[in-house]
Amino acid sequence: MKNSLIKFIEIPKIYDDCFLCFAENNKHVPFMIKRVYYVSLPTAGLPRGKHAHLQNKQVLFCIQGKVRMVVDNGSKREEVVLDKPEVGLLLDKMIWHEMHDMDEKTILLVLASEFYDEKDYIRDYKEFLQIIKAE
Ligand code: TYD
């Protein structure tokens with residue numbers, strides 16, 4: 001969809017004696033990867049995320065199970081279910097994002113453009129809107 005906030009990154013997948021996906025800096029992922037983390041075993045029913053980043057860009061792969069992602073740029077809010085290990089969701093900087101409906105099978109693998117820095121987080125939605133308005 002034109003102008004959608006939902007931007008997918010599809011990485012190569014190979015089926016031989018197992019299933020294999022890979023991603024390389026600046027080739028499959030549109031930034032240099034400085035950090036990798038993964039999220040699993042969520043507390044039942046609790047959404048995760050609920051923040052935006054001032055600089056950090058991320059690609060989020062649901063490598064097992066599924067997750068309903070909500071993304072919001074301050075003007076519009078969209079959602080998508082991720083359930084394919086080779087399809088990542090590109091989260092640009094200043095995109096409010098939430099992860100919903102993860103279950104005990106869900107594993108999210110995240111590739112990030114920046115090292116961890118708590119000062120890069122905007123965790124308050126009203127503050128996020130104020131920063132967007134001031135830009
Ligand atoms: P949190 O910011 O809640 O993670 P998410 O981005 O998934 O919402 O992080 C939870 C804790 O983990 C917090 O104490 C900071 C720590 N953390 C790191 O030290 N490095 C990291 O790369 C991440 C994602 C978290």
Side-chain angles (χ1 to χ4, degrees):
M1 205 202 320
K2 215 179 152 211
N3 294 328
S4 173
L5 299 179
I6 310 291
K7 298 199 191 318
F8 293 120
I9 302 271
E10 192 155 347
I11 58 173
K13 61 176 174 182
I14 293 175
Y15 295 95
D16 45 25
D17 53 353
C18 67
F19 180 80
L20 172 89
C21 286
F22 56 90
E24 295 182 9
N25 270 336
N26 275 338
K27 184 171 173 186
H28 307 106
V29 174
F31 51 74
M32 289 294 286
I33 301 161
K34 283 192 183 159
R35 183 164 55 105
V36 176
Y37 64 93
Y38 51 87
V39 179
S40 62
L41 299 175
T43 305
L46 279 190
R48 277 196 62 83
K50 300 190 105 183
H51 61 247
H53 290 284
L54 291 166
Q55 293 302 331
N56 189 37
K57 296 174 199 158
Q58 307 190 97
V59 184
L60 193 147
F61 294 93
C62 185
I63 61 170
Q64 182 173 286
K66 60 181 167 47
V67 62
R68 179 169 59 88
M69 293 295 302
V70 172
V71 290
D72 181 330
N73 68 352
S75 304
K76 61 180 168 183
R77 184 168 272 244
E78 294 175 13
E79 60 176 68
V80 66
V81 172
L82 292 183
D83 58 0
K84 295 190 180 74
E86 73 277 19
V87 178
L89 179 67
L90 178 62
L91 294 173
D92 210 342
K93 62 184 179 177
M94 292 306 287
I95 295 288
W96 183 268
H97 52 280
E98 300 173 5
M99 293 89 154
H100 293 267
D101 306 340
M102 292 172 68
D103 63 27
E104 69 280 359
K105 287 202 197 97
T106 306
I107 302 176
L108 303 180
L109 175 71
V110 185
L111 309 178
S113 70
E114 307 300 326
F115 296 121
Y116 182 80
D117 179 4
E118 183 55 38
K119 293 191 292 301
D120 190 60
Y121 281 68
I122 308 163
R123 295 190 186 272
D124 182 88
Y125 187 71
K126 279 191 192 146
E127 187 191 345
F128 168 70
L129 292 180
Q130 280 165 3
I131 294 171
I132 293 273
K133 240 198 244 167
E135 274 182 346

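Remember, it's 1-based here, ligands and their atoms both numbered in the order they're listed.
Sorted by first then second residue, the side chain to side chain donor-acceptor pair (under 3.5 Å) pairs that include residues 120-135, not counting sequence neighbours, are His53-Asp120, Asp72-Tyr125, Glu118-Arg123.
With a 4.5 Å cut-off on side-chain heavy atoms, Val110 and Val36 do not count as touching. Counting heavy atoms from C-beta outward, Asn56 and Lys93 have side chains that stay 4.5 Å or more apart.
In this structure, Glu98 pairs ionically with Arg77, as a charged nitrogen and a carboxylate oxygen lie closer than 4.0 Å.
The CG atom of Leu82 lies 12.0 Å from the CZ atom of Arg68; values are rounded to the nearest 0.5 Å.
In summary, the side chains of Ser4 and Glu78 do present a donor paired with an acceptor at a separation below 3.5 Å, with no hydrogens or angles considered.
For ligand 1, the 4.0 Å heavy-atom shell takes in Arg35, Tyr37, Arg48, His51, Tyr116, Tyr121, Arg123, ordered by chain and residue number.
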